[in-house]
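Note on naming: letters A, B, ... go to the chains in the order of the sequence lines (proteins, then strands), and numbering restarts at 1 for each one. This is a predicted model, so every value here is computed, not measured.
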There are 2 protein chains.
Amino acid sequence: MQNRLTIKDIARLSGVGKSTVSRVLNNESGVSARTRERVEAVMNQHGFAPSRSARAMRGQSDKVVAIIVTRLDSLSENLAVQTMLPVFYEQGYDPIMMESQFSPEKVAEHLGMLRRRNVDGVVLFGFTGVNETLLAPWQSTLVMLARDAAGFASVCYDDEGAIQMLMQRLYDQGHRHISFLGVPHSDVTTGKRRHEAYLAFCKTHRLTPVAALPGLAMKQGYDAVATVTGPDTTALVCATDTLALGASKYLQEQRLDALQLASVGSTPLMKFLHPEIITVDPGYGKAGQQAAQQLVAQINGRSDLQQIVIPATLA
Amino acid sequence: MQNRLTIKDIARLSGVGKSTVSRVLNNESGVSARTRERVEAVMNQHGFAPSRSARAMRGQSDKVVAIIVTRLDSLSENLAVQTMLPVFYEQGYDPIMMESQFSPEKVAEHLGMLRRRNVDGVVLFGFTGVNETLLAPWQSTLVMLARDAAGFASVCYDDEGAIQMLMQRLYDQGHRHISFLGVPHSDVTTGKRRHEAYLAFCKTHRLTPVAALPGLAMKQGYDAVATVTGPDTTALVCATDTLALGASKYLQEQRLDALQLASVGSTPLMKFLHPEIITVDPGYGKAGQQAAQQLVAQINGRSDLQQIVIPATLA
DNA sequence: CTGTTAGCGCCTTCAA
DNA sequence: TTGAAGGCGCTAACAG
């Protein structure tokens, strides 16, 4: 890049010493109001911006964080990332993005690179298989999203609450034969917790649970519908919007209009394509914002490792 | 971060001078094989990684690039970003992501920040309204995607080719009343070019063009279908997958199964949800990769400003 | 081939 | 309240 100004230039231009400029730059006390004003004037006039790398070198911090999403095209994760970006920018952090593609190896690889690169912190969208020992070095500078792990800060969704809300709503509407489409228990949050919340509700309300846990993919939802719907089934709860999309396609093809779908996750796509599906918003946006704030606070040593749970809301 | 090793440490540990270590680090010639091996051994043994900020300061380059997408949840842009990330990592660049949300002001804001940050280069997903004078300072370090602009490097899709392929396919299947759903001409590529390619094909083949250019949104596609379909319409070409999704929903609701849909953009979601739609792949993945490579080449002064066009392929 | 020396832009003592 | 000097980790001259 071109000849950028340095504090030395600003110092010369405003007739003071380098250190005074530095003090002004960092809002340090011990500079007379007049001097400060003058220096600031010169800075603005020339659009001066201090060199990041030079500051980083002295301060030991690059002001860089990483966001590791599972997939760039995850609708829910997108909503979370959308809200965290502004937070990071505002705080002067450069957020670099990476994709894990649900592969623990990729995470390991990425974290290795991030460590070598001396990054300040990481937001990691959790998934089944992330090895916690791998994360150990990041304990104080990592925020996990969508999952919790002992000893790590995290921002989770209210899995139980979300399912409960959907079930209650369906129950109130008179449904008594509600099936469930979910994810295997190896996935603790989206899989186990949501399924168990479903079972718990059934038990409490004396309903007969009928569930399948095929996985996260649309196709899996599509294929599994038949296995959980019988002649008297009136409603179907899906653990994720992706599953619901798959299920919905199946129902449409089979002309099973009568079956009421419900699902966790109300993304814009879902709401447009299938406004008839009852959805609950797990609070993706809020989660992203919270995660970013939590990470920044941790980096600055202004916060303990918190385990935050975002409340769900009926959409 | 902790006490990381420096080249000075490595030098001491391997009994050579700092500059020798530096030479090894940068694969410079003029180091005896034996010395090189020894130094490399020490480096590996200690997992040494040079300080980015120090190098940046010396070299005037932070090795940081920015990717400005229009929206994080754009399916097509996601596909492109997915392929460019690995390229940047491999070349040692940190890619930071930003969202323009189709707002020229946001772009201006982001570019300003990036300039102050002294970023090395930018990949910008173009859209209607991006002010070219705004981009002037980035002329040599910017690659525009999905649009071209005089004086800038760009990677574009083959708009004419894509539409032509769809039309030809439909024509071959016997369709003679093919309508078109597109985007206003203020959008030069997705709007004007695709529409004109449609018109051109109609002219050549003596078809009567029936078109509407509502915009990019799903809802707009949904709403506009009725205006371009009559009793004898047998096919409908959509300029984007988003429009096709909207149109498809309308057709489904109206039970207009007979109408053959076709669209530019074959994203995974489309292919799952509507395999019956004829799609053409504009080459999003390839485009991302090319854009990243082009940008890196430009940054290193190894390339002129090229205007690349990605060939489309029937999916 | 290899070591020494001098900064890059900034922050941090230490004197004045 | 201020300026001068030193050094962060690295690279680029210049000597050996």
Side-chain angles (χ1 to χ4, degrees), chain A residues 1-43 46-64 92 115-120 300, chain B residues 1-43 46-64 92 115-120 300:
Chain A
M1 290 286 165
Q2 319 85 314
N3 296 330
R4 292 164 56 86
L5 295 165
T6 75
I7 50 169
K8 203 164 138 196
D9 300 316
I10 301 296
R12 188 170 34 72
L13 256 34
S14 44
V16 299
K18 285 192 303 175
S19 23
T20 303
V21 177
S22 175
R23 288 183 187 109
V24 171
L25 210 52
N26 301 306
N27 282 315
E28 277 174 35
S29 57
V31 182
S32 74
R34 277 227 324 289
T35 310
R36 183 180 295 273
E37 268 178 46
R38 191 149 39 95
V39 174
E40 279 172 345
V42 175
M43 284 179 169
H46 294 266
F48 168 77
S51 148
R52 259 179 107 75
S53 27
R55 306 188 96 173
M57 199 167 106
R58 290 230 87 266
Q60 311 296 315
S61 158
D62 291 24
K63 295 269 260 179
V64 172
R115 198 190 50 67
R116 285 192 294 280
R117 174 142 179 13
N118 205 27
V119 160
D120 296 303
N300 299 334
Chain B
M1 290 288 165
Q2 319 85 311
N3 294 332
R4 292 160 57 86
L5 296 164
T6 74
I7 50 169
K8 205 165 140 193
D9 300 317
I10 301 296
R12 187 171 34 74
L13 255 36
S14 43
V16 298
K18 282 194 304 174
S19 28
T20 302
V21 177
S22 175
R23 287 184 189 109
V24 172
L25 209 52
N26 300 303
N27 282 316
E28 277 175 36
S29 57
V31 182
S32 74
R34 278 227 326 287
T35 311
R36 184 181 296 273
E37 267 178 47
R38 191 150 38 95
V39 174
E40 279 173 345
V42 175
M43 284 180 170
H46 294 267
F48 167 78
S51 149
R52 257 184 110 85
S53 26
R55 306 187 97 174
M57 199 167 109
R58 213 63 204 64
Q60 311 293 317
S61 157
D62 290 20
K63 294 270 250 177
V64 172
R115 198 191 50 67
R116 287 191 293 278
R117 284 245 188 315
N118 204 29
V119 160
D120 295 303
N300 299 334

For this session: Under 4.0 Å from any atom of DNA chain C, heavy atoms only: list the residues of residues 26-41 of chain B that qualify, in numerical order.
Result: G30(B), V31(B), S32(B), T35(B)
Exercise. Base, sugar-phosphate alone, or nothing: which one does S19(B) contact when heavy atoms must sit under 4.0 Å apart?
Worked result: base
For this session: Report the nucleotide, chosen from dG3(D), dG3(C), dG9(D), that has the shortest atom-to-atom distance to any side-chain atom of R58(B).
Result: dG9(D)
Exercise. Could you state the CE-P distance from M57(A) to dG6(D), rounded to the nearest angstrom?
Worked result: 17 Å
Exercise. Donor-acceptor pair, D120(A) side chain versus K63(A) backbone, under 3.5 Å?
Worked result: yes
Exercise. Can any side-chain N or O of D62(B) pair as donor or acceptor with the backbone N or O of A56(B) at less than 3.5 Å?
Worked result: no
Problem set entry | Main-chain N/O of I10(B) paired to S14(B) side chain as donor or acceptor, under 3.5 Å | yes
For this session: Calculate the interatomic distance between R52(B) atom CZ and dC10(D) atom P; express it in whole Å.
Result: 13 Å
Exercise. Knowing that exactly one of M43(B), R4(B), E40(B) qualifies, which makes a side-chain contact (heavy atoms from CB on, under 4.5 Å) with F48(B)?
Worked result: M43(B)
For this session: Under 4.0 Å from any atom of DNA chain C, heavy atoms only: list the residues of residues 7-18 of chain B that qualify, in numerical order.
Result: G15(B), V16(B), G17(B), K18(B)
Problem set entry | Whether S51(A) side chain and A54(A) backbone form a donor-acceptor pair below 3.5 Å | yes
For this session: Report which part of the nucleic acid S22(A) touches: base, sugar-phosphate, or nothing (heavy-atom distance under 4.0 Å, all strands).
Result: base
For this session: Scan side-chain atoms only and decide if S32(B) and T35(B) contain a donor-acceptor pair under the 3.5 Å cut-off.
Result: yes
For this session: Take the protein atom CE of M43(A) and the nucleotide atom C1' of dG9(C), then report the distance between them rounded to whole Å.
Result: 13 Å
For this session: For dC11(C), take OP1 and OP2 only and decide whether either is under 4.0 Å from a side-chain N or O of R55(A).
Result: yes
Exercise. Within less than 4.0 Å of OP1 or OP2 of dG3(D), is there a side-chain N or O belonging to T20(A)?
Worked result: yes
For this session: Output yes when a side-chain donor or acceptor of N26(A) lies under 3.5 Å from a complementary backbone atom of R23(A), and no otherwise.
Result: no
Problem set entry | Interatomic distance, D62(A) CG vs dC10(C) C1' [rounded to whole Å] | 14 Å
Problem set entry | Helix axis bend for the helix from dC1(C)-dG16(D) to dA16(C)-dT1(D) - C1'-based end axes, five pairs, 10° rounding | 40°
